[in-house]
Amino acid sequence: MGPVLQQLEDAKVRGRKFLAVLIDPDFGQAETRLEKTVQNACMAKADLLFVGGSLLTSASFDHCVKRVKEIADRPVVLFPGSPAQMSKHADAVLFLSLISGRNPELLIGHHVTAAPTIKAMGIEAIPTGYMLVDGGRPTTVSYVSQTLPLPHDKPGIAAATAIAGELLGLRTIYMDTGSGAQRTVSPAMISAVRKSVGLPIIIGGGIRDSVTASALCEAGADVLVIGTAFEEDPEHIFAMSEAVHR
Ligand code: 1GP
């Protein structure tokens, strides 16, 4: 097991929750803004920095990851929207299989394309079952992946999907309503998945306030991923970090 997954598992055993700050390289094109976000994340004791996006137009992905790694004194993890989003400067990559969908490219196709690069770069790959959940409106990820999200009010389907992921040997489950979603994954769905699998659970999409963050952690989330709320207000990270770590 690689060091980042080990950290996730150790934290889960100790009941310690993680905050991951999502850096969208497109959004962070203004370098001073990117630096500020990363510095704030470190000062606020965020645990992980995720870099990626489902639709990237930035040609400088590798430069962005390198810059984040230079500034951050904590693990930098790729959250790739395509096999092109790889960088040797990262500590790990979420090796995502979109198990809520039935798009073969996102279940195995892109993995075949990316695998030799990941191996050659020598970065840690974390096999992750990615489940897209309906967040109230179509998001970039639902459009780009051309998959139907899981219905928001069907925790049973989410639990069955997560169990399948665990039986297939995946090591984490990432439930996401997509960046900028109107609503988060529901606590009921997180709780159903928590009762069904022993894997670390990552939750993202639409998390904007501390009360919601606390509720999602209490329901069983191990890692919360937040991007949009910090793009809108970089100082917001301090209150959110406190809520997650409380
Ligand atoms: C999206 O989970 C991430 O994949 C983060 O979502 O930008 O809404 O925080 P937000």
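Indexing begins at 1, ligand by ligand and atom by atom, following the structure's order. Numbering of residues begins at 1 and proceeds along the displayed sequence.
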Please determine whether side chain to side chain contact (heavy atoms under 4.5 Å, CB included) holds for the pair Arg74 and Asp47, giving the CA-CA distance in whole Å, both sets of side-chain angles, and the decisive distance to 0.1 Å.
CA-CA 7 Å; Arg74 53 212 62 221; Asp47 304 276; 5.8 Å; no
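Protein residues lining ligand 1, listed by chain and number: Leu22, Phe79, Tyr174, Asp176, Gly178, Ser179, Gly180, Gly204, Gly205, Gly206, Val225, Ile226, Gly227, Thr228 [non-hydrogen atoms, distance under 4.0 Å].
Every residue was checked against the ring-ring contact (aromatic ring centres under 6.0 Å, His included) condition with Phe50, not counting sequence neighbours, and none meets it. Applying the salt bridge (charged side-chain N to carboxylate O under 4.0 Å, His left out) rule to Arg67 yields the partners Glu31, Glu35, Glu70; only residues at least two apart in sequence or on another chain are considered.
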Tell me which donor-acceptor pairs under 3.5 Å the side chains of residues 113-128 have, and how far apart each pair is, sequence neighbours excluded?
{"unit_1": "Thr113", "atom_1": "OG1", "unit_2": "Gly109", "atom_2": "O", "d": "3.3"}
{"unit_1": "Glu124", "atom_1": "OE1", "unit_2": "Val4", "atom_2": "N", "d": "2.8"}
{"unit_1": "Glu124", "atom_1": "OE2", "unit_2": "Val4", "atom_2": "N", "d": "3.4"}
{"unit_1": "Glu124", "atom_1": "OE2", "unit_2": "Leu5", "atom_2": "N", "d": "2.9"}
{"unit_1": "Thr128", "atom_1": "OG1", "unit_2": "Ile126", "atom_2": "O", "d": "2.8"}
{"unit_1": "Thr128", "atom_1": "OG1", "unit_2": "Thr172", "atom_2": "OG1", "d": "2.9"}

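Ion pairing between a basic and an acidic side chain is recognised when a charged N comes within 4.0 Å of a carboxylate O; Asp91 and Lys69 show such pairing. The pair Arg194-Asp222 meets the salt-bridge criterion, since a charged nitrogen lies less than 4.0 angstrom from a carboxylate oxygen.
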